[in-house]
Amino acid sequence: MESNFRALKCFVVAAEEMNFTRAAKRLYITQQSLSKHIRNLEEQYEVQLFERRPVMRLTMAGEQLLKYARKMVREENKLFNDLHSKARVGRIRLSVGLSMGRDAPYLPDVVEAYHALRPDVVTSCRAYGYTALNAALRAGDIDLYIATLSAAGKYGKRCPIMKDELYFVVSEALLRRTLPDSWQDFLAGARGGLRLADTVELPVVLPPSDTALRNILDNHYAAAAHAPNVLAELIDSVTRLEMCAGDFCAAILPKSQLVKKHVQLRTPIYALHITDLDALTWIGIVYSEQEVLPEYVTDYIECARRVITAEDARVNALLRALVRESGVMPLGGEN
C-alpha cells in the first residue's frame, strides 16, 4: 500500500511538471526511480499514462488517473496526520505554507493562540515560492497557506483576512538629492496618497523577481508603461527599510512591515500610501478544496483570521497616531 501511494504521488508531481528531471528533483529521487514508479502504475492499470512525442503530455487515461490520484494522495496525507502521527507521538501535525519573500509579523501570535486552543497539534511552517505553494497544497503536502491572494494559484478555496496596503518609503535626504527643486511639491502632492507611476524617478530597492510582491509591482509597472529605477533587490523587508534609513534608496513595503522594527535614522523618513495597488494586496488563507476539512484545520483558519484582524487594527492605530517615534511618518492617513 505504501509503495502504491508513493507511486501515485510521483505520478502527480510528474504530471504537474511535465518533465521527469524536474519532477525527480522535487521528489528527491533519481529519474530512474521516478520512471520505475510510473512504469509500475502503467503495468498495474494496464494503460499508458504519458505521451512523450512530439511533446510530453498526459493521455486520456493519465488525465483520469490524475484526478483520482490527487484526491487519494491528499486523503492519505490527512489520514497519516489524523491517525499515524497521533498514535506515535500523541500529537497531530498541521502543515502551514508561507509565501517566500512575504514576512509574516503576525505569525508568532497566530501560533501562540492556536497552540492555546489546540495543544494536541504541532504547527509546522515552511516558506515556498508561489508555484511550489500551490503544488504542495494540491499534493496534500501542506494543509493551507497564508499569502497575497492576488498572486495565489487557481486551486484552493480562499479566506480573505486583511488588506496590507503598500507604502512608498523614502527619506527626506534622498528626496532632496533626487528632486532638488521639487521634493517639497512631491511630498505635498503625496499627502493624500500617490500612484506607483509617481515614484519611478526615485531609486528603489525591490524584492526579488520570483516573489509575489515583485510580480504585483512588475505587472503594474508594465501596464502603465513605466520602468522603475531599481538599484538593488532584497528579499528581507527590514533590510529594505534600513537601506531607506541610510538614504541610499527608497523602498516599497507592506503596511504590516512599517512598525515591525525601529531603525537608526539619519533623516526623517516618509511612508507614502500607494493608492492604485490596494485591490492587489489582500492577505488571506488558501486551503484545500476537499468538501470536509479536519476540525484542527478549520480551527486554525478561524484562529488566524481573528489574530491577524486584531493585529491589522493595532497597526492601523499606530500608523494613525504616534508612528513618528520610530521615524516613519505616514502622510496619507490621519495624524
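Nothing here was measured: the structure is a model prediction, and the numbers come from that model. Note that these values count all heavy atoms, side chains included, but never hydrogens, waters or copies made by symmetry.
- T178 and P203 get closest at one heavy-atom pair: OG1-CD, 3.9 Å.
- With hydrogens and angles disregarded, no donor-acceptor distance shorter than 3.5 Å links the side chain of S33 to the backbone of I29.
- Residue E233 places its CD atom among more than 12 non-hydrogen atoms of other residues, nucleotides or ligands, all under 6.0 Å distant.
- Between the Y114 side chain and the V122 main chain, no donor and acceptor come within less than 3.5 Å of each other.
- Taking the ring centroids of Y270 and Y167, they lie at or beyond the 6.0 Å cut-off.
- Within a 6.0 Å radius of CD in E63, more than 12 heavy atoms belonging to other residues, nucleotides or ligands are found.
- Of all heavy-atom pairs spanning S288 and Y155, the tightest one is OG-OH, 3.7 Å.
- Surrounding NZ of K163 are more than 12 heavy atoms belonging to other residues, nucleotides or ligands, all under 6.0 Å away.
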Test D312 against Y106 for side chain to side chain donor-acceptor pair (under 3.5 Å), laying out the working first.
-> CA-CA 9 Å; D312 187 43; Y106 42 75; over 6 Å; no

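- Considering all non-hydrogen atoms of both residues, C244 and V169 come closest at SG-O, 3.4 Å.
- Linking Ile, Leu, Val, Met, Phe, Trp and Tyr whenever their side-chain heavy atoms come within less than 4.5 Å puts L293 and I161 in one cluster.
- Taking all atoms of both residues into account, the shortest heavy-atom contact from L149 to I283 is CG-C, 4.3 Å.
- R57 CZ: 12 or fewer foreign heavy atoms inside a 6.0 Å radius.
- Using a distance-only test at 3.5 Å, with no hydrogens or angles considered, a donor-acceptor pair links the side chain of T298 to the main chain of E295.
- In terms of modelled atom types and a separation under 3.5 Å, the side chain of T59 and the main chain of G62 share a donor-acceptor contact.
- In this structure, the side chains of L194 and F186 come closer than 4.5 Å at one or more pairs of heavy atoms.
- Here the shortest heavy-atom pairing between P207 and R214 reads O-NH1, 2.8 Å.
- A heavy-atom distance below 4.5 Å is not found between the side chains of I38 and S35.
- Each of F50 and V55 belongs to its own hydrophobic cluster when Ile, Leu, Val, Met, Phe, Trp and Tyr are linked at side-chain heavy-atom distances under 4.5 angstrom.
- Contact detail for V12 and A69: the closest heavy-atom pair is CG2-CB, 3.7 Å.
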Between D164 and T281, is a side chain to side chain donor-acceptor pair (under 3.5 Å) present by the stated rule, with each step listed?
-> CA-CA 6 Å; D164 201 9; T281 55; over 6 Å; no

